[in-house]
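First the proteins, then the strands, lettered A, B, ... as listed; each starts at 1.
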Amino acid sequence: MIDVLYFAWVRERIGQPKETVETGATTVAELVEELKAREERYALAFSDLSALRVAVDQELADFDAPLQGAREVAFFPPMTGG
Amino acid sequence: MIDVLYFAWVRERIGQPKETVETGATTVAELVEELKAREERYALAFSDLSALRVAVDQELADFDAPLQGAREVAFFPPMTGG
Amino acid sequence: MGVRVQQEPFDFAAEAEAFAAGRTDMGAIVTFTGVVRDTSGTLDHMLIEHYPGMTESAIGGMVEEARRRWSLGDCLVIHRYGRLAPGERIMMVATAAPHRADAFAAAEFLMDYLKSRAPFWKKELTASGAEWVAAKDEDEEALKRW
Amino acid sequence: MGVRVQQEPFDFAAEAEAFAAGRTDMGAIVTFTGVVRDTSGTLDHMLIEHYPGMTESAIGGMVEEARRRWSLGDCLVIHRYGRLAPGERIMMVATAAPHRADAFAAAEFLMDYLKSRAPFWKKELTASGAEWVAAKDEDEEALKRW
């Protein structure tokens with residue numbers, strides 16, 4: 001069980017800010033593949049990973065980061081703060 | 001006739017902030033030589049020109065700057081503003 | 001030292017004054033304020049989304065890093081989220097240091113990291129629609145100097 | 001745009017607020033404030049002497065140069081002279097620009113030039129006597145980057 005969060009246009013494309021998923025994925029990339037296989041809106045949101053950033057337990061991470069012990073994964077576009 | 005101004009420790013060593021001098025000097029360096037020849041306090045103030053800065057008509061200048069047409073020459077230590 | 005992430009407006013003058021007040025050990029105080037721009041005259045408002053929890057810890061990490069790199073007396077970061085009108089202040093950074101080079105460097109460092117590493121996303125709403133602001137290559141480039 | 005050389009204190013918060021107020025074209029506002037430091041705890045007060053006439057024109061020239069080099073919307077320089085107690089604000093610089101890099105660069109440029117090219121001289125008065133502050137090599141060095 002892992003909380004998956006979406007922000008900005010990723011949230012809009014997926015249609016929700018947060019969901020809890022049951023997953024056997026061992027890396028972020030595997031989780032992405034599982035999500036893409038679900039529905040068209042996920043496939044669309046994750047079609048270009050170079051346009052996305054990921055955080056595992058609220059720390060920026062890579063798509064090959066391990067998910068072992070992770071409670072929260074977030075997907076979002078590059079940040080535009082400041 | 002030229003107004004000569006002194007600031008900071010140059011003013012303190014010379015003992016006055018301003019004076020008007022009658023001079024035939026054609027450069028700042030010549031004016032400095034004339035002043036040094038006057039009195040000990042001038043010789044002391046101008047003993048190390050590398051520790052001094054000069055402005056001619058309120059613009060920073062070199063010691064070899066010409067004095068032709070100048071109305072005001074100022075001597076002072078390196079600035080410490082900000 | 002402080003990090004505040006908030007929806008409500010902040011009083012830049014009061015914050016800057018409080019930050020700068022009563023110091024006799026810090027010679028240099030730098031502030032940066034970001035303002036909602038409306039360059040084309042068509043912006044109705046901006047919406048800023050953020051990632052509660054991560055935002056505070058990410059900014060806290062940047063402040064810690066700045067304090068490791070430079071001799072700083074104090075640091076303040078305030079960043080708003082939610083709805084902002086043109087001319088409203090999005091955020092501010094303030095740094096205090098014994099010497100100006102440290103205060104400037106730390107403020108620029110914090111700004112560069114806030115731009116590209118703090119989880120905020122801006123959306124612009126104009127008469128013709130809504131659009132997410134795209135990240136700029138130059139902002140990513142700017143991180144390389146640190 | 002403004003250059004003010006004055007004996008009386010200035011209200012940093014009010015100046016910063018007035019400078020930043022009501023802009024929708026400038027995304028970035030940077031301020032620098034210089035404060036009288038008393039690092040050893042022995043400073044009674046500082047005296048700042050300046051060269052009336054030249055001071056204003058020298059600073060005006062720096063501001064013009066900054067506007068030539070960077071895309072700036074506005075610039076403000078306030079510098080005091082006379083007697084200042086520890087903790088009092090000596091001077092401030094504010095810059096407004098569409099982008100932060102320009103606002104930061106212009107503020108740092110102005111500070112570097114104010115330090116070594118504006119005709120101000122500081123004297124520190126402590127219990128043990130009075131001493132003119134010596135110019136620092138690093139301040140002269142700082143000019144070379146521009």
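Contacts with chain C (heavy atom to heavy atom, under 4.5 Å) involve these residues of residues 71-91 of chain D, listed by number: D:Pro86, D:Gly87, D:Arg89. Near-neighbour residues of residues 127-146 of chain C relative to chain D, defined by a heavy atom under 4.5 Å from a heavy atom of that chain, comprise C:Lys136, C:Asp139, C:Ala142.
At a threshold of 4.5 Å between non-hydrogen side-chain atoms, the residues C:Asp112 and D:Arg100 count as touching. Between D:Val36 and C:Thr24 there is no side-chain heavy-atom pair separated by less than 4.5 Å.
Top candidate by heavy-atom pairs under 4.5 Å with chain D, chosen from C:Asp25, C:Thr31, C:Val35, is C:Thr31. The candidate with the highest count of non-hydrogen atom pairs below 4.5 Å against chain D, out of C:Ala103, C:Ala107, C:Ala14, is C:Ala107. Looking only at heavy-atom pairs under 4.5 Å with chain C, the residue among D:Glu15, D:His99, D:Met92 that has the most is D:His99. Heavy-atom pairs under 4.5 Å with chain D peak, among C:Thr33, C:Val93, C:Thr95, at C:Thr33.
Between C:Phe104 and D:Phe32, the ring-plane angle classifies as parallel under the 30° and 60° cut-offs.
When every heavy atom of C:Arg37 is checked against every heavy atom of D:Met26, the shortest pair comes out as CG-C, 3.8 Å.
Proximity to chain C involves both the backbone and the side chain of D:Val30, based on heavy atoms less than 4.5 angstrom apart. Contact of C:Asp38 with chain D is made through backbone and side chain together, with heavy-atom distances under 4.5 Å. Heavy-atom distances place both the backbone and the side chain of D:Met111 under 4.5 Å from chain C.
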